[in-house]
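The structure under discussion appears below in the form of structure tokens.
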Amino acid sequence: MRVLVTGGAGFIGSHVVAALAAAGHESTVLDALLPSAHHGPASDVPGDRVVIGDVRDRETVARALAGVDAVCHQAAMVGLGKEFADAPLYVGCNDLGTAVLLAEMAAAGVRDLVLAGSMVVYGEGRYDCPRHGSVRPGPRADADLRAGSFEPHCPSCGAELLPGLVGEDAPADPRNVYAATKLAQEHLAAAWARATGGRAVSLRYHNVYGPGMPRDTPYAGVASFFRSALARGEAPRVFEDGRQRRDFVHVHDVAAANAVALEAVRERRPGAFAAYNTGSGEPHTIGEMAAALAAAHGGPDPVVTGEYRLGDVRHVTADSRRLREELGWRPEVAFTAGMEAFAAAPLRGEAPRESSRNPVAPSGTSQPTSSVA
């Protein structure tokens, strides 16, 4: 089939195009080729057909949808940004862009969609209180963070909470502008499916990392920040106490999940929408990730700073069993192997670093892992 991949020249999008080609599909790439995300010439853009333009422009989107059977929507502005003044940019790129895409899909009769969702829609992850069972803590207070008290506490008794795996049925609780736009994208996709008889799947990516990540812009993920620091010969700076739990998943596995979801969505009933956590299933702390990356790079060792950002959540890790059980997807890149390869892999706009290591390959014997989005 022919698949439109929005943002197909970007970090995750380019890997999705490669995974679709490996599965025998043709790709049309729609990308604005913004300098912040793409540093090469237009001739470097993957795909069988390339449309350069903004996903918010209806004429451009209509042209990109010509002859298309399905859409993988990867185009988005990511990260926490610099300040709340970025809100119009996020809403414009993520929500208006998605609305335009869905409206043009409706007009073109394209009825199958795989959406790049995010685990940020949950806010904080799942927590258990020894006394009150499963509870949802409120946002962490600035005064507590300043005092170095980073762990969420039970809203009823004040006890320190134990983090667990969050499932797709957990209530949404977006705690920053980016998170709010990612949840809005899902609501738009669900409304589009109901109104048109379309079929949509949202893959809620956890912390994605791997070759081709953008360098340390204000919109990059923590793996990119750490990798960029190491390339400059600087120690990665780990916020809080480094014990924040995340699920780091390799971009090759995320791309494979898109290819699997694209096949599965076509079997759904008209009007259906489903969300799937897309993570490695093996939680690691940010401190562990920084240490593994620094060791593979050859140093310097990370520095735990105690700094923090309001809006960051303490722990959020995936329960990805639904994606495994219903769609048969399995992550294959193990944490250690993934970090070793990522330590030597070039970031966007950066020359490759010499290394004696082999490129990362799927591991059939060890637990998968890793990374940042």
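Sequential numbering from 1 along the given sequence is applied to the chain's residues. Atoms considered below: every heavy atom in the structure, side chains included; atoms not considered: hydrogens, waters and symmetry mates.
For the atom pair CE of Met77 and NZ of Lys182, the computed distance is 12.5 Å after rounding to the nearest 0.5 Å. Interatomic distance, Met119 CE to Tyr205 OH, rounded to the nearest 0.5 Å: 13.0 Å.
The pair Glu151-Arg314 counts as a salt bridge, with a side-chain nitrogen and a carboxylate oxygen less than 4.0 angstrom apart. Ion pairing between Arg63 and Asp57 fails under the 4.0 Å rule for side-chain N and carboxylate O. Note on Glu186 versus Arg204: salt bridge recorded, some NZ/NE/NH1/NH2 to OD/OE distance being below 4.0 Å. Using a 4.0 Å cut-off between charged side-chain N and carboxylate O, Arg136 and Glu124 make no salt bridge. With respect to the salt-bridge test (charged N to carboxylate O, under 4.0 angstrom), the residues Arg2 and Asp69 do not qualify.
The side-chain contact (heavy atoms from CB on, under 4.5 Å) test applied to Ala172 returns Pro174, Leu183, not counting sequence neighbours. Annotation: salt bridge (charged side-chain N to carboxylate O under 4.0 Å, His left out) contacts of Arg56 (sequence neighbours excluded): Asp54. Every residue two or more places apart in sequence or in another chain that forms a side-chain contact (heavy atoms from CB on, under 4.5 Å) with Arg232 is listed here: Asp216, Ser228, Ala229, Glu234.
No path of Ile, Leu, Val, Met, Phe, Trp and Tyr side chains, each step under 4.5 Å between heavy atoms, connects Leu115 with Val78, placing them in separate hydrophobic clusters. Residues Val333 and Ile12 share a single hydrophobic cluster, defined by chaining ILVMFWY side chains whose heavy atoms lie under 4.5 Å apart.
Pro211 and Val251 make their closest contact through CD-CG1, 4.1 Å (heavy atoms, listed as atom of the first residue, atom of the second, distance). Residues Ser202 and Gly117 approach most closely at OG-CA, 3.5 Å, considering heavy atoms. In plain terms, the two heavy atoms of His73 and Thr6 that are nearest each other are ND1-OG1, 2.6 Å. Pairing each heavy atom of Gly338 with each of His250, the nearest pair is CA-CD2, 4.3 Å. Residues Ala343 and Arg227 approach most closely at O-NE, 3.3 Å, considering heavy atoms.
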message: side-chain contact (heavy atoms from CB on, under 4.5 Å) for Met1 and Glu263? Distances and angles first, verdict last.
response: CA-CA 10 Å; Met1 80 183 88; Glu263 297 286 356; 4.2 Å; yes
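In Arg266, the CZ atom is crowded: over 12 heavy atoms of neighbouring residues, nucleotides or ligands sit closer than 6.0 Å. For CZ of Arg243, the number of neighbouring non-hydrogen atoms (other residues, nucleotides, ligands) closer than 6.0 Å is 12 at most.
The main-chain N or O of Glu104 is never found under 3.5 Å from a side-chain atom of Arg58 such that the two would form a donor-acceptor pair.
Cluster partners of Phe239 are absent, since no Ile, Leu, Val, Met, Phe, Trp or Tyr has side-chain heavy atoms less than 4.5 Å from it. Val61 shares a hydrophobic cluster with Leu4, Leu30, Val51, Val55, Leu65, Val68, Val71, Leu96, Val100, Leu101, Leu102, Met105, Val110, Leu113, Leu188, Trp192; the chain of contacts runs through ILVMFWY side chains whose heavy atoms sit under 4.5 Å apart.
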Show me the side-chain donor-acceptor pairs of residues 298-308 shorter than 3.5 Å, one per line, residues at least two apart or across chains.
{"from": "Thr305", "atom 1": "OG1", "to": "Val238", "atom 2": "O", "distance (Å)": "3.2"}
{"from": "Thr305", "atom 1": "OG1", "to": "Glu307", "atom 2": "N", "distance (Å)": "3.1"}
{"from": "Thr305", "atom 1": "OG1", "to": "Glu307", "atom 2": "OE1", "distance (Å)": "3.2"}
{"from": "Glu307", "atom 1": "OE1", "to": "Arg237", "atom 2": "NH2", "distance (Å)": "2.6"}
{"from": "Tyr308", "atom 1": "OH", "to": "Asp142", "atom 2": "OD1", "distance (Å)": "2.5"}

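A donor-acceptor pair shorter than 3.5 Å can be found between the side chains of Asn258 and Gln74. For His206 and Ser280, the side-chain atoms include no donor-acceptor pair closer than 3.5 Å. When only modelled atom types and interatomic distance are considered, Tyr122 and Asn277 share a side-chain donor-acceptor pair under 3.5 Å.
Relative orientation of the His284 and Phe335 rings is parallel, given thresholds of 30° and 60° on the angle between their planes.
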